[in-house]
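By convention in this document, chain letters (A, B, ...) are assigned in the order of the sequence lines, proteins followed by strands, and residues within each chain are numbered from 1. Treat the numbers as computed from the prediction; the structure is a model and nothing was measured. The basis for the numbers below is simple: all heavy atoms, side chains too, and nothing from hydrogens, waters or symmetry mates.
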Amino acid sequence: MQQHYPFSEIEARWQRYWETEGLFHTDTDTAENKYYCLMMFPYPSAALHVGHGRNYIIGDAVARYKKMRGYNVLTPMGWDAFGLPAENAAIKTGIHPRASTLRSIATMKRQLRAWGACYDWDREVASCHPGYYRWTQWLFLKLYENGLAYKAAAPVNWCSSCHTVLANEQVVDGRCERCEATVEAKRMEQWFFRITAYAQRLIDDLERLDGWPERVKTMQRNWIGRSEGTVLEFELTPRDDGRPDPLASVKCYTTRVDTIYGCTYMAMAPEHPALADLVRGLPTEAAVQEYSRRAAQRATHERIADEQQKTGVFSGRYVINPYNGERIPLWIADYVLMDYGTGAVMAVPAHDTRDWAFAQHYDLPIRISIQNPEQSLDLATMTDAYTDDGITADSGQFSGLPNREAITRMTDFAKEHGFGGPMVHYRLRDWLISRQRYWGAPIPIVYCDACGTVPVPENTLPVQLPDDVEFRPTGESPLASSPAFMQTPCPACGKPARRESDTMDTFVDSSWYFLRYLSPRDEQRAVDSETCNRWLPVDQYIGGIEHAILHLLYARFFTKALHDIGLIGFGEPFAQLFTQGMICKRSEKDGQLYKMSKSKGNVVSPDSLIAEYGADTVRLYTLFIGPPERDAEWNDQGIEGASRFLRRLWRRVYEMRDGLRAVTDLPLPALGECTPAERELRRKTHATIQHVTQSMDGAFHFNVAVAQIMELMNVLDTHDPGPSATDITRRVVREALETIILLLSPFAPHIAEELWIQLGKPPGILNASWPEVDPAALIVDETEMVIQINGKTRGRGRLAAGLDDDAVRQAVLEWDIVKKHTAGKPVRRVIVVPDKLVNIVC
RNA sequence: GCCCGGGUGGCGGAAUGGCAGACGCAACGGACUUAAAAUCCGUUUUCCGAAAGGAAGUGCGGGUUCGACUCCCGCCCCGGGCACCA
């Protein structure tokens, strides 16, 4: 053994050992006591930085810990390998996305190994591999067969910089989630997955996900956006010119039907499909169409940007309020969204801030129909809409009701009279999966002039990506430029037909990879149902919070859909979810804290750090940096602490190992044989085991776990097992040192393995058991009691442990410190917290 | 606007209602060294005090309690999600 910690040499050696021993190779056929530990598979960008590392280090620590606890652990790894960056690079450099992706994968795999992260590499998958995307295509066909995939013309989010459409989930504040370019509204024929069919189940099943952070569940709930309300049908009054109407009524959706008697106009979205028919031939037609045309050009986010400036135009038509028969004007207004509800709203200016603003601007009537509890609402003094609860007023037969009750009564009334009823609405839209790009799984559909839309037969999959394409950004998929790809006989009639040229959103690839890990090379089927049913749901899923909605919602949807199709027997993919915080770093330019990323220029590469300090030091610091669920600031100096600690541990083993080896076979001493110092070390050892185990099983607070191990080390350092030490001292020190190494091994596995054998143990510390707490060692004879007088800490004193409250009272009242502070005042009360604290009230 | 987090030394952060600041970083002082690195020892919330000791202190203001970083009420600030959602 060397005196100085030779991290490079031992890390390389143990990494080889783990690989040749097949440390995390898992037989999923026979496995019992299973534990599926999964990290979100990465997109192969050029290289990993220490911010990415947090995910893999946490996952590796959990996997190693569970293995030591006797679980049969499955930890696979793969690559979310389709995607835009590689294709954009191809446009710039001419390097084929496949080539650059494979190179990135090689680099990242090397980096993961250098970190000491262990996976069952035999199960590696890459979503860009035909052996994988063949089954992505197959799953598309299954969804298609089951009515869950469809093509429709719809207004879509177009990113002119990425030259493709985006799903709603990929638009953030009107900008492309990836490149931050402004998203434009465009009408296109696109493929969708019917995720809305699962809206309610996606909400309901969140209840069962006890192992998910509340934050993520709330975000998903908000995103799905369930709203309960009432749908009402307003009849149109006949046209003045007596011409027939193709449309008899207009539907609107409201959550506040209780305010209906205050409704003074109706407002309709400019994109409403009935609009053209409504105004045809009217004097207002030209104005309405012009208004509608201009509004449609502005994307939704633009329209909502200037909230105050609500615009609209009178349609020239009127509708009848079904509750009171009143005739009210029908307006077209751009604050009404076609996307939500029915695209038309009943406007109640007195009780809705938007309607209020609109009515003020266009001088429309305002009428109070809900009174506040003070009955003081008065149009003359109101400066804004009253939107709180209250009592219905001037509302015909419904007057005088608490408004919540009125909602139920009025909705029932609508249903009884056939002009409406309850309605549940969701904000969630169907998932748009078409992408006008090359580097993705081709949508396996053929268009035939005779047969229409024809699915590609399963046995001819995969529809392979062609190589003869040009990566020119045109707004059309590069696949369309490949005649060899596009021209194909119709699978149904054999006549010449065209292939679909769009590829699938890469979130489709990542919606089922956790199933494929169970049978990664199976050429007969996408998923091995039986094995999946045994091993899933995933026991612990670990990844970034940025996927709270996107990936995690899609994967949940896929799991439910595949469950209903009969491929799997479970409805939720991930039992426990842990979302680690981002690693940030202060920018050298402006001193601000930013998420570590290449574009911000604040990345720290693991390669040079590992070369300088070793992987274990990088791992230990990454875990120690702060609570793992929170964002953390990377501090270049902080790593010194981790490095010092491991060097110190190495040195201790180096200095002590001869003395400690001598007592290997000695049994642990009984409590009575120990000196007070030895007993204290044993107590600390076992208290540390208890605390670290709790940290690992609970909230994954590795930062605290590492701190506790450091504390034990600090206590150990006060003991000298040198030549003059007794065997008992040595034995107790040995126990403490072994414990440190065992507890540390999930965090810093290489040094733990090495020190383990240096203590004379067999190689392979993961096969050693996690240490057990010896309750006897935790027992103490004497404790230090904190003395409080009137709630203020005044000192402390030693007292026999386990005394009853009266005995403590008696003893403590005799102490000088107590006498001094009570100073003759009568003691009114003594509160005793056993073995901890006494508070004397006087 | 609504819904979640969070606010503790110079810094990262610890604390089942019971010693606030564990552990680490940085800084300062000292030992070892020709010197440096490494290592080791000590100091480090603020204020008063030579010290012993005392006072204040966990974003702000109240409250509950023998006792509050922790629980309750009302605010402020920071971060995140949703949002002309009818």
Side-chain angles (χ1 to χ4, degrees), chain A residues 4 172-173 213-227 229-230 252-257 259 266-267 269 300 303-310 333-337 339-348 351-355 357-358 387 425-427 545-546 548-549 581 593 620-621 624-627 629-642 644-645 647-648 651 691 694 701 703-714 717 784-796 828-842:
Chain A
H4 296 292
V172 178
D173 291 334
E214 211 49 54
R215 182 163 61 132
V216 175
K217 292 197 274 187
T218 304
M219 281 164 75
Q220 292 212 352
R221 254 183 227 113
N222 286 344
W223 185 261
I224 299 166
R226 181 190 158 100
S227 143
T230 311
C252 74
Y253 172 76
T254 180
T255 54
R256 290 297 305 274
V257 67
T259 64
M266 175 176 261
T300 312
R303 270 160 54 180
I304 66 180
D306 42 7
E307 235 176 88
Q308 299 314 312
Q309 217 40 55
K310 298 191 195 319
D334 67 356
Y335 77 92
V336 182
L337 305 176
D339 264 6
Y340 196 81
T342 59
V345 301
M346 56 174 241
V348 185
H351 304 296
D352 182 286
T353 48
R354 296 151 300 175
D355 299 343
F358 192 81
T387 58
H425 185 79
Y426 300 92
R427 206 187 68 97
I545 185 72
E546 65 273 20
I549 292 172
L593 204 57
L620 199 64
Y621 174 61
F624 190 64
I625 197 165
E629 73 281 6
R630 293 233 288 266
D631 287 354
E633 183 184 343
W634 185 271
N635 177 351
D636 287 326
Q637 288 168 325
I639 200 163
E640 286 289 345
R644 269 202 279 266
F645 174 72
R647 290 200 309 260
R648 193 168 128 214
R651 209 162 47 238
H691 290 141
Q694 279 164 5
H701 279 176
N703 56 325
V704 184
V706 173
Q708 282 156 344
I709 297 170
M710 287 173 167
E711 274 187 63
L712 175 56
M713 187 72 195
N714 290 345
D717 262 0
E784 189 161 75
M785 298 293 281
V786 173
I787 304 301
Q788 291 187 340
I789 313 292
N790 292 327
K792 278 192 196 306
T793 303
R794 293 297 179 184
R796 52 202 57 135
R828 287 192 293 165
R829 222 176 134 184
V830 179
I831 289 125
V832 177
V833 181
D835 293 341
K836 264 192 192 160
L837 175 143
V838 181
N839 187 11
I840 292 151
V841 186
C842 62

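Within the nucleic acid shown, R794(A) comes within 4.0 Å of sugar-phosphate atoms alone, with no base atom in reach, counting heavy atoms only. In this structure, D355(A) reaches neither bases nor backbone, as no heavy-atom distance under 4.0 Å exists between it and the strands shown. No engagement by R221(A) is indicated, since no non-hydrogen atom pair under 4.0 Å with the nucleic acid exists. Residue L837(A) is in base contact, counting any heavy-atom pair closer than 4.0 Å across all strands shown. Residue V833(A) is in base contact, counting any heavy-atom pair closer than 4.0 Å across all strands shown. Contacts of R648(A) with the nucleic acid, taken as non-hydrogen atoms under 4.0 Å apart, involve only primed sugar atoms and P, OP1 or OP2. At a threshold of 4.0 angstrom between heavy atoms, the contacts of N839(A) include nucleobase atoms, whether or not backbone atoms are also involved.
Across the strands present, rG24(B) finds its partner in rC11(B); the criterion is a Watson-Crick or G-U wobble pair with both atom distances under 3.5 angstrom. Within the shown strands, rU39(B) is the pairing partner of rA31(B) under the Watson-Crick or G-U definition, both distances less than 3.5 Å. The partner of rC82(B), taking Watson-Crick or G-U wobble pairs whose two distances both stay under 3.5 Å, is rG1(B). Pairing of rU65(B), defined by two Watson-Crick or G-U wobble distances under 3.5 Å, is not identified with any nucleotide.
Rounded to a whole angstrom, the distance from the C1' atom of rA31(B) to that of rA22(B) is 27 Å. Straight-line distance between the C1' atoms of rA35(B) and rA27(B): roughly 23 Å, to the nearest whole Å. Rounded to a whole angstrom, the distance from the P atom of rA20(B) to that of rU45(B) is 14 Å. rU65(B) and rC71(B): their C1' atoms are spaced 10 Å apart (whole Å). Taking atom P on both nucleotides, rG62(B) is separated from rA68(B) by 14 Å, rounded to a whole Å. Rounded to whole Å, the separation between the C1' atoms of rC11(B) and rA55(B) comes to 27 Å. Going from the P atom of rA51(B) to that of rU58(B) covers 25 Å, rounded to whole Å. Here, rA52(B) and rG57(B) have their P atoms 22 Å apart, quoted to the whole Å.
In this structure, of rC82(B), rA38(B), rA86(B), it is rA38(B) that holds the atom nearest to the side chain of R647(A). The nucleotide whose nearest atom lies closest to any side-chain atom of V841(A) is, among rG24(B), rC85(B), rC66(B), rC66(B). Checked against rG24(B), rA86(B), rC66(B), the side chain of F624(A) finds its nearest nucleotide in rG24(B). Considering only the side chain of N703(A), rG13(B) comes nearest among rA86(B), rG13(B), rA22(B). Among the nucleotides rC23(B), rC19(B), rA14(B), the one closest to the side chain of P627(A) is rA14(B).
A close approach under 4.0 Å does occur between a side-chain nitrogen or oxygen of T793(A) and OP1 or OP2 of rA20(B). Applying the 4.0 Å criterion to OP1 and OP2 of rG6(B), one finds that R630(A) has every side-chain N and O outside that range. Residue R829(A) has a polar side-chain atom (N or O) positioned under 4.0 Å from OP1 or OP2 of rC66(B). Phosphate contact (OP1/OP2 of rA38(B), side-chain N/O of R651(A), threshold under 4.0 Å): absent. Using a 4.0 Å cut-off, some side-chain N or O of Y340(A) falls inside it from OP1 or OP2 of rA86(B). Contact annotation: K836(A) does not reach the phosphate of rG67(B) (side-chain N/O to OP1 or OP2, under 4.0 Å).
In this structure, R651(A) has no salt bridge (Lys or Arg N to Asp or Glu O under 4.0 Å) partners at least two apart in sequence or on a different chain. Under the salt bridge (Lys or Arg N to Asp or Glu O under 4.0 Å) criterion, E633(A) pairs with R586(A), sequence neighbours left out. Applying the side chain to side chain contact (heavy atoms under 4.5 Å, CB included) criterion to E784(A), with sequence neighbours excluded, gives R796(A), R798(A).
The distance from atom CZ of F358(A) to atom C1' of rA86(B) is 14 Å, rounded to the nearest whole Å. One interatomic measurement links the two molecules: CG of N714(A) to C1' of rG24(B), which rounds to 10 Å at whole-angstrom precision. Rounded to an integer number of Å, the gap from NZ of K792(A) to P of rA20(B) is 10 Å. At whole-Å resolution of the value, NE2 in H4(A) and C1' in rA37(B) are 11 Å apart. A straight line from CE of M785(A) to C1' of rC19(B) spans 12 Å, rounded to a whole angstrom. Atoms CZ (R644(A)) and P (rU39(B)) sit 6 Å apart, rounded to a whole Å. In this structure, I709(A) atom CD1 and rA14(B) atom C1' are separated by 15 Å, rounded to whole Å. Here rG80(B) presents its C1' atom at 14 Å from CD of E629(A), a figure rounded to the nearest Å.
Contact check of residues 633-642 of chain A against RNA chain B (heavy atom, cut-off under 4.0 Å) returns Q637(A), G641(A).
Counting only residues at least two apart or on different chains, no salt bridge (charged side-chain N to carboxylate O under 4.0 Å, His left out) pair has a member in residues 829-842 of chain A.
Side-chain atoms of R828(A) and N790(A) form no donor-acceptor pair, as typed in the model, at a separation below 3.5 Å.
Although no hydrogens or angles enter the test, the distance criterion places a donor-acceptor pair under 3.5 Å between the side chain of Y253(A) and the main chain of G229(A). R215(A) places no side-chain N or O within donor-acceptor distance of the main-chain N or O of A548(A), the cut-off being under 3.5 Å.
If A344(A) and E784(A) are placed on RNA chain B by their nearest nucleotide, the residue sitting closer to the 5' end is E784(A). Projected onto RNA chain B by closest heavy-atom contact, G791(A) and D631(A) fall at different nucleotides, the more 5' of which corresponds to D631(A).
Ring pair H425(A)/Y340(A) is perpendicular by interplanar angle, where above 60° counts as perpendicular and below 30° as parallel. Relative orientation of the Y335(A) and F358(A) rings is tilted, given thresholds of 30° and 60° on the angle between their planes.
On a pure distance criterion of 3.5 Å, a polar donor-acceptor pair joins the side chain of R796(A) and the base of rC19(B).
For CZ of R226(A), the number of neighbouring non-hydrogen atoms (other residues, nucleotides, ligands) closer than 6.0 Å is greater than 12.
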Scan the side chains in residues 703-713 of chain A for donor-acceptor partners under 3.5 Å anywhere in the protein, sequence neighbours excluded, and list what turns up.
from: E711(A); atom 1: OE1; to: K684(A); atom 2: NZ; distance (Å): 3.0

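The glycosidic torsion of rG9(B) lies within 90° of 0, which places this base in the syn conformation.
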